[in-house]
Amino acid sequence: MTIKLSSPAAVAAALAGLMAATPVLAADYVQVPGSGSNLVFATKYDGEVFTGSFPGFATTVSFDPANPAAGKLDVTIPLAGAVSGNSDRDSTLQGADFFNVAKFATARYTASGFTKTGDDTYVAKGTLELRGVKKPVTFTFEWKDGANPVLKGKATVKRLDFGVGGGDWADTKTIPDETAISTVVTLKAK
């Protein structure tokens, strides 16, 4: 089929129609090293709140705020690097009762398809793989667009679902089952 365009206005209208029919592709982003990005966890031990972090985590995102349903998120978390400001606690976290880093060096969170919940806020229903167990985890986040977009989010992880803190540590009066996770990630185009 041949379309004959007789004027510049007809050409412009045809191009505008073609562009409107072409789907916008999500941009691919990677975490900016040394940007102050962080991945933090918070829980309690015997009623006392403590926090820790996972240095060295890596994030990739494919995202277009105009089409959140096409979004993808992939976070790799090296568990041996977990630090909480207490060397005894850190070595316990690396042991077999908690992260078991000798057998499971990394955790991974993946999500495909986000839902917009407000201005610049979204929900990802993804999967966390930790200690060889895969379970659904909901991640809510805020997206700040720009030359270096910033993703700021949070989730709640039930540690016992993954066998974290089993055995003597399974008592939720000592350590609650729910652990709060938060992150701030500065990104750059891939």
Side-chain angles (χ1 to χ4, degrees), residues 28-45 48-63 68 71-87 89-95 97-114 117 120-146 148-165 169 175-190:
D28 292 328
Y29 301 96
V30 294
Q31 184 175 325
V32 177
S35 62
S37 296
N38 61 58
L39 179 60
V40 177
F41 63 91
T43 191
K44 293 180 182 178
Y45 176 71
E48 182 181 330
V49 174
F50 74 92
T51 61
S53 63
F54 297 99
F57 75 103
T59 305
T60 60
V61 181
S62 179
F63 187 58
K72 293 182 181 180
L73 174 65
D74 192 332
V75 184
T76 303
I77 307 155
L79 298 173
V83 291
S84 69
N86 179 302
S87 60
R89 182 171 45 224
D90 294 348
S91 64
T92 301
L93 287 174
Q94 294 177 18
D97 285 337
F98 283 86
F99 295 141
N100 194 2
V101 298
K103 188 172 181 183
F104 305 102
T106 60
R108 186 173 181 199
Y109 181 78
T110 56
S112 294
F114 309 145
T117 57
D120 302 323
T121 59
Y122 305 86
V123 171
K125 294 190 183 254
T127 301
L128 177 63
E129 182 175 0
L130 175 61
R131 289 179 50 107
V133 176
K134 292 181 179 181
K135 296 277 185 179
V137 171
T138 299
F139 176 68
T140 59
F141 68 95
E142 184 178 332
W143 180 267
K144 292 294 180 192
D145 227 348
N148 289 104
V150 175
L151 180 150
K152 180 179 181 182
K154 61 185 177 178
T156 300
V157 174
K158 291 189 173 190
R159 66 180 179 88
L160 295 175
D161 285 354
F162 299 92
V164 174
W169 301 103
I175 303 173
D177 187 18
E178 294 185 343
T179 301
I181 307 295
S182 62
T183 190
V184 177
V185 185
T186 301
L187 301 157
K188 65 179 180 179
K190 212 172 190 181

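Not counting sequence neighbours, Tyr109 has no partner by the ring-ring contact (aromatic ring centres under 6.0 Å, His included) test. For the side-chain hydrogen bond (donor to acceptor under 3.5 Å, both in side chains) test, residues two or more places apart in sequence or in another chain that qualify with Asp74 are Arg108. Here Glu129 pairs with nothing under the side-chain hydrogen bond (donor to acceptor under 3.5 Å, both in side chains) rule; sequence neighbours left out. With sequence neighbours excluded, the residues that form a side-chain contact (heavy atoms from CB on, under 4.5 Å) with Asn38 are Val40, Val184. Partners of Ser35 by side-chain hydrogen bond (donor to acceptor under 3.5 Å, both in side chains), not counting sequence neighbours, listed by chain and number: Ser37. When the side-chain contact (heavy atoms from CB on, under 4.5 Å) test is applied to Lys103, the partners found at least two apart in sequence or on another chain are Asn100. For the salt bridge (Lys or Arg N to Asp or Glu O under 4.0 Å) test, residues two or more places apart in sequence or in another chain that qualify with Glu142 are Lys144. With sequence neighbours left out, Pro78 forms a side-chain contact (heavy atoms from CB on, under 4.5 Å) with Phe57. The ring-ring contact (aromatic ring centres under 6.0 Å, His included) search around Tyr122 returns Phe63, Phe141, not counting sequence neighbours. For Thr106, the side-chain contact (heavy atoms from CB on, under 4.5 Å) test picks out Thr76, with sequence neighbours left out. For the side-chain hydrogen bond (donor to acceptor under 3.5 Å, both in side chains) test, residues two or more places apart in sequence or in another chain that qualify with Asp90 are Ser84. Taking Phe54 as the reference, Phe41, Phe99 meet the ring-ring contact (aromatic ring centres under 6.0 Å, His included) condition, with sequence neighbours excluded.
Cation-pi geometry between Arg89 and Phe50 is met: under 6.0 angstrom from the ring centre, within 45 degrees of the axis.
Distance CG/Asp28 to NZ/Lys72: 9.0 Å, rounded to 0.5 Å. In this structure, CG in Leu160 is found 4.0 Å from CG in Asp177, a value given to the nearest 0.5 Å. To the nearest 0.5 angstrom, Lys125 atom NZ is 13.0 Å from Phe114 atom CZ. A distance of 10.0 Å separates CG in Asp161 from CG in Leu128, rounded to the nearest 0.5 Å. For the atom pair CG of Asn148 and CG of Leu187, the computed distance is 8.0 Å after rounding to the nearest 0.5 Å. Summarising the geometry, atom CD1 belonging to Ile175 is positioned 13.0 Å from atom NZ belonging to Lys44; distances are rounded to the nearest 0.5 Å.
Nearest heavy-atom pair, Gly81 versus Pro55, reported as atom, atom and distance to 0.1 Å: O-CD, 3.2 Å. Shortest non-hydrogen contact noted between Val101 and Ala80 is CG1-N, 3.6 Å.
Using a 4.5 Å heavy-atom threshold, the side chains of Thr60 and Gln31 count as separate. In this structure the side chain of Gln94 never reaches within 4.5 angstrom of the side chain of Leu79, judged on heavy atoms. Proximity of Thr117 to Thr140: side-chain heavy atoms (C-beta onward) are nowhere separated by under 4.5 Å. Looking at Lys154 and Phe139, their side chains never come closer than 4.5 Å, going by heavy atoms from C-beta outward. Between Tyr29 and Ser62 the shortest side-chain heavy-atom distance does not fall below 4.5 Å. A 4.5 Å side-chain heavy-atom check between Leu39 and Ile181 finds at least one atom pair inside the cut-off. Residues Thr59 and Leu73 are in side-chain contact: their nearest non-hydrogen atoms beyond the backbone lie under 4.5 Å apart.
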For this session: Please step through side chain to side chain contact (heavy atoms under 4.5 Å, CB included) for the pair Thr127 and Val137, ending with a clear verdict.
Result: CA-CA 6 Å; Thr127 301; Val137 171; over 6 Å; no
Exercise. Does the pair Trp169 and Tyr45 meet the rule for a side chain to side chain contact (heavy atoms under 4.5 Å, CB included), with working shown?
Worked result: CA-CA 10 Å; Trp169 301 103; Tyr45 176 71; 3.5 Å; yes
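The closest donor-acceptor contact from the side chain of Arg159 to the backbone of Phe98 lies at 3.5 Å or more, if one exists at all.
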